[in-house]
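Keep in mind that this is a model prediction, so the values were computed, not measured. First the proteins, then the strands, lettered A, B, ... as listed; each starts at 1.
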Number of protein chains: 2
Amino acid sequence: MTIAEVSKKYDISADTLRYYERIGLLPRVNRNKSGIRDYSEEDCNWVEFIKCMRSAGLSIEVLIEYISLYQKGEHTNQARKEILIEERDKLILRIDELNKTLERLNWKIEQYGKWSK
Amino acid sequence: MTIAEVSKKYDISADTLRYYERIGLLPRVNRNKSGIRDYSEEDCNWVEFIKCMRSAGLSIEVLIEYISLYQKGEHTNQARKEILIEERDKLILRIDELNKTLERLNWKIEQYGKWSK
DNA sequence: ATAACATTTAAACTTAACTCTAAGTCAATA
DNA sequence: TATTGACTTAGAGTTAAGTTTAAATGTTAT
């Protein structure tokens with residue numbers, strides 16, 4: 001797949017895809033004879049994974065670390081698992097906080113409802 | 001209360017408090033005879049509200065709009081309510097997305113568990 | 001085979017949201 | 001009363017995460 005196709009499929013700009021690869025957030029994508037990126041299915045899976053994790057607030061920094069460990073092979077499994085657990089726990093706290101704020105917003109909206117009908 | 005006290009109480013730097021006031025994200029705080037900020041209880045309530053809403057991801061831009069409407073008086077109630085509803089709905093979607101990612105992380109962590117124990 | 005368009009790289013630029021600096025004022029303390 | 005330390009403003013600097021630009025090369029449709 002070309003960068004344009006991947007960009008469209010995952011709704012991430014080609015610029016961002018190149019940027020992610022440049023900083024090591026995506027494993028290096030193979031080029032064809034003329035130097036143009038040709039994304040494999042595994043590349044696409046990484047793109048999708050990164051998109052999902054970024055949208056959940058995981059920092060680029062921590063994801064670079066995760067990918068770097070992945071590329072070092074199976075002996076990094078424990079370390080990778082620890083990263084995921086740490087991020088998972090942060091996410092739980094975050095969701096909790098957001099739910100509290102949601103309740104607060106709901107309450108405030110109700111107050112407005114009392115006069116503004 | 002002085003800016004240092006408010007800063008400590010809400011864990012927001014004095015720089016940030018001044019910055020928020022400067023850009024209209026906080027209503028202008030009264031100064032004493034020598035020009036030093038003296039935060040009233042209402043000021044503090046705003047600080048706490050802003051902190052909470054920012055941490056939930058509401059943009060500074062939308063909060064400035066909300067506060068600006070507030071300062072224009074009761075006839076802006078409907079508009080303010082609409083802002084809150086819009087942000088509340090965005091927040092619900094966000095929480096939903098985060099919960100899905102949380103499930104995915106949990107699943108991945110379990111996969112790691114299978115070999116790395 | 002030439003115009004029009006996509007891709008490449010490196011590097012500069014942008015944006016949101018702060019954060020720091022400089023130069024000055026003011027209040028409390030030694 | 002001299003110094004120490006918090007506060008003031010305006011404006012410059014920082015950070016994370018892209019986005020845009022420039023200059024070159026490659027590809028496709030006529």
Side-chain angles (χ1 to χ4, degrees), chain A residues 1-40 43-44 46-68 87 90 94 97 101, chain B residues 1-40 43-44 46-68 87 90 94 97 101:
Chain A
M1 281 182 109
T2 68
I3 198 167
E5 288 163 343
V6 175
S7 166
K8 185 163 184 189
K9 178 165 183 187
Y10 297 105
D11 194 27
I12 300 179
S13 81
D15 284 320
T16 300
L17 288 168
R18 287 193 205 95
Y19 164 69
Y20 281 179
E21 186 178 339
R22 176 152 41 90
I23 65 175
L25 180 51
L26 287 175
R28 185 160 175 83
V29 174
N30 279 327
R31 319 292 153 121
N32 64 20
K33 41 291 168 220
S34 42
I36 291 183
R37 287 176 182 76
D38 180 18
Y39 288 77
S40 70
D43 292 330
C44 288
W46 274 111
V47 170
E48 194 274 329
F49 175 70
I50 290 300
K51 181 184 176 171
C52 178
M53 294 302 140
R54 286 290 298 130
S55 85
L58 276 72
S59 73
I60 283 189
E61 194 182 2
V62 81
L63 291 169
I64 287 176
E65 171 68 3
Y66 181 81
I67 280 148
S68 149
E87 295 302 316
K90 278 199 232 163
R94 180 99 186 97
E97 199 187 46
T101 302
Chain B
M1 283 182 106
T2 68
I3 199 168
E5 288 164 342
V6 175
S7 166
K8 187 164 183 189
K9 179 165 183 184
Y10 297 104
D11 195 27
I12 301 179
S13 79
D15 280 323
T16 300
L17 288 169
R18 287 193 206 96
Y19 164 69
Y20 280 179
E21 185 177 337
R22 177 151 40 91
I23 65 176
L25 180 51
L26 286 174
R28 186 161 175 81
V29 175
N30 279 327
R31 319 293 154 118
N32 64 19
K33 39 292 169 223
S34 41
I36 292 184
R37 286 175 180 78
D38 181 18
Y39 288 77
S40 70
D43 293 329
C44 289
W46 275 110
V47 169
E48 194 273 332
F49 175 70
I50 291 300
K51 181 184 176 170
C52 178
M53 294 302 139
R54 286 291 296 131
S55 85
L58 279 70
S59 72
I60 283 188
E61 194 182 2
V62 80
L63 290 170
I64 288 176
E65 171 68 3
Y66 181 81
I67 280 149
S68 148
E87 295 302 316
K90 279 198 232 166
R94 181 99 186 97
E97 199 186 49
T101 302

[N] phosphate, OP1 or OP2: any side-chain N/O from [X] under 4.0 angstrom?
X: Arg22(A); N: dA10(C); result: no
X: Arg31(A); N: dT9(C); result: yes
X: Thr2(A); N: dA6(C); result: no
X: Arg18(A); N: dT19(D); result: no
X: Tyr20(A); N: dG18(D); result: yes
X: Arg37(B); N: dT8(D); result: yes
X: Ser34(A); N: dT8(C); result: no

| Minimum-distance nucleotide (side-chain atoms of Ser13(B) versus dT19(C), dT7(C), dT19(D)) |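 Ranking dT19(C), dT7(C), dT19(D) by closest atom to the Ser13(B) side chain puts dT19(C) first.
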
To the nearest Å, give me how far apart [atom1] ([X]) and [atom2] ([N]) are.
X: Glu61(B); N: dC18(C); atom1: CD; atom2: P; value: 14 Å
X: Arg54(A); N: dG18(D); atom1: CZ; atom2: P; value: 5 Å
X: Ile36(B); N: dT8(D); atom1: CD1; atom2: P; value: 6 Å
X: Tyr19(B); N: dT14(D); atom1: OH; atom2: P; value: 17 Å
X: Glu21(B); N: dT9(D); atom1: CD; atom2: C1'; value: 12 Å
X: Tyr39(A); N: dT8(C); atom1: OH; atom2: C1'; value: 12 Å
X: Glu5(B); N: dA6(D); atom1: CD; atom2: P; value: 13 Å
X: Tyr10(B); N: dC18(C); atom1: OH; atom2: P; value: 17 Å

| note | Judged by nearest nucleotide, the residue sitting upstream toward the 5' end of DNA chain D, Thr16(A) or Lys33(A), is Thr16(A)

| Considering heavy-atom distances to DNA chain D, does Ala4(B) or Leu58(A) have its closest nucleotide positioned more toward the 5' end? |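 Per heavy-atom nearest nucleotide, the more 5' residue is Ala4(B).
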
Heavy-atom pair with the smallest gap, counting every atom of [X] and [Y]:
X: Ala56(A); Y: Thr101(B); result: CB-CG2, 3.4 Å
X: Ile67(B); Y: Leu25(B); result: CD1-O, 2.8 Å
X: Cys44(B); Y: Met1(B); result: SG-SD, 3.6 Å
X: Ser40(B); Y: Asp43(B); result: N-OD2, 2.9 Å

| So what does Ile23(A) touch, heavy atoms closer than 4.0 Å: a base, only the sugar-phosphate, or nothing? |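 The residue Ile23(A) makes no contact with any strand.
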
| request: Assess the pair Tyr10(B) and Tyr39(B): is the distance between their ring centroids shorter than 6.0 Å? | output: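 Judged by ring-centre distance (under 6.0 Å), Tyr10(B) and Tyr39(B) do not meet the cut-off.
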
